[in-house]
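Beneath this line is the structure, given in structure tokens, with notes to follow.
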Amino acid sequence: MISGVERWRGPDTVAGAEAVQGELAARVEIPAGPVPPPRRVAGLDVSYRKDSDLVAAAAVVVDTRTLEVVEEAVVEGAATFPYVPGLLAFREVPMLLRALDALTTPVDLLLCDGQGLAHPRRCGVACHLGVLTGLPAVGCAKNHLVGEHDEPGPRRGDRSALVDGGDVLGCALRTQDGVRPVYVSPGHRIGVDQAGDVVLGLCGTFRLPDPVRRADHISRRALT
DNA sequence: GCGACAG
DNA sequence: ATCTTGTCGC
């Protein structure tokens, strides 16, 4: 269970949402050195239904040592904000906070399906969730949003920095030999290198980290 | 004007 | 994200 979550007040305009991100971005903390390795990670994801605003959000807590599932939570609701590139958090965060509240297990880190710092205003969905919960958070996106990077080497674990405006925001990480890289960036209370390490350590034999895959499956199944 | 554009 | 079967490639 996550306590002390401040009530989310969603803006209703693009300008308002961007202003909120400016404020949240200022509250993101990125430590210079390593932080204690997370023991329990919550993978998060949201699924949508084609012809309605019904959505399902899932949170799956996984033990990083055994890769065993500790707890799962799924909630359903209505989408209240449209998808706008750069403003994904306003569409998904309200539901994800509800899923997190449904958990009874304390978690050490949030692993989100989307960007963290690798965002136009350095405030991707992982930053929103990290700041609002106070927990360390990492963003792991399947596609690129911002930042330039060299093509990572072809093998599992190969990575190259994501750079934008002179800042290293994250990395393009090859999580399996020959697969397309994922885009990893810190959301809160963790550094770029360690964020990549955490994601790689949770990928098993798949491109995406296990907790996120499980959250995807569960949220999708909930809409059936 | 022409791309790019997390989910 | 979602609608969807078979099929091309390793």
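Quick note on labels: first sequence line is chain A, next is B, and so on, each numbered from 1.
In this structure, A/Leu87 reaches the bases: a heavy-atom distance under 4.0 Å links it to at least one base atom across the strands shown. Within the 4.0 angstrom heavy-atom criterion, no nucleotide atom of any strand lies near A/Asp51. Note on A/Val146: nothing from the nucleic acid sits closer than 4.0 angstrom, heavy atoms only. Nucleic acid contact for A/Gly86: base, since at least one base atom lies under 4.0 Å from a heavy atom of the residue.
A/Glu92 and A/His128 are not linked by any side-chain donor-acceptor pair at a separation below 3.5 angstrom, with hydrogens and angles left out of the test.
At a threshold of 4.0 Å, the pair A/Asp197-A/Arg159 counts as salt-bridged, since one of the basic side-chain nitrogens sits closer than that to a carboxylate oxygen.
C/dC3 atom C1' lies 5 Å from atom NZ of A/Lys50, rounded to whole Å. For A/Arg91 and C/dT2, the CZ to C1' distance is 11 Å, given to the nearest whole Å. Look at CG on A/Asp113: it is 8 Å from C1' on B/dA6, rounded to the nearest Å. Between the P atom of B/dC5 and the NE2 atom of A/His119 lies a distance of 14 Å, rounded to the nearest Å. Atom CG in A/Leu111 sits about 13 Å away from atom P in B/dG7, given to the nearest Å. Atom CZ of A/Arg213 and atom C1' of B/dG7 are 18 Å apart (whole Å).
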Check your understanding: Are A/Arg121 and A/Gln21 close enough, and set up right, to give a side-chain hydrogen bond (donor to acceptor under 3.5 Å, both in side chains), and what steps lead you there?
Key -> CA-CA 7 Å; A/Arg121 289 168 293 284; A/Gln21 290 189 323; 2.7 Å; yes
Exercise for review: Could you check A/Val107 against A/Glu71 for side chain to side chain contact (heavy atoms under 4.5 Å, CB included), going step by step and ending with a plain yes or no?
Suggested key: CA-CA 10 Å; A/Val107 301; A/Glu71 188 181 4; over 6 Å; no
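Considering only side-chain N and O atoms, A/Lys142 lies nowhere under 4.0 angstrom from the phosphate OP1 or OP2 of B/dA6. Applying the 4.0 Å criterion to OP1 and OP2 of B/dA6, one finds that A/His144 has every side-chain N and O outside that range. Listed pair A/Asn143 / B/dG7 meets the phosphate criterion, a side-chain N or O lying under 4.0 Å from OP1 or OP2.
In this pair, A/Tyr83 lays its aromatic ring flat on the base of B/dG7, centres within 5.5 Å and planes under 30 degrees apart.
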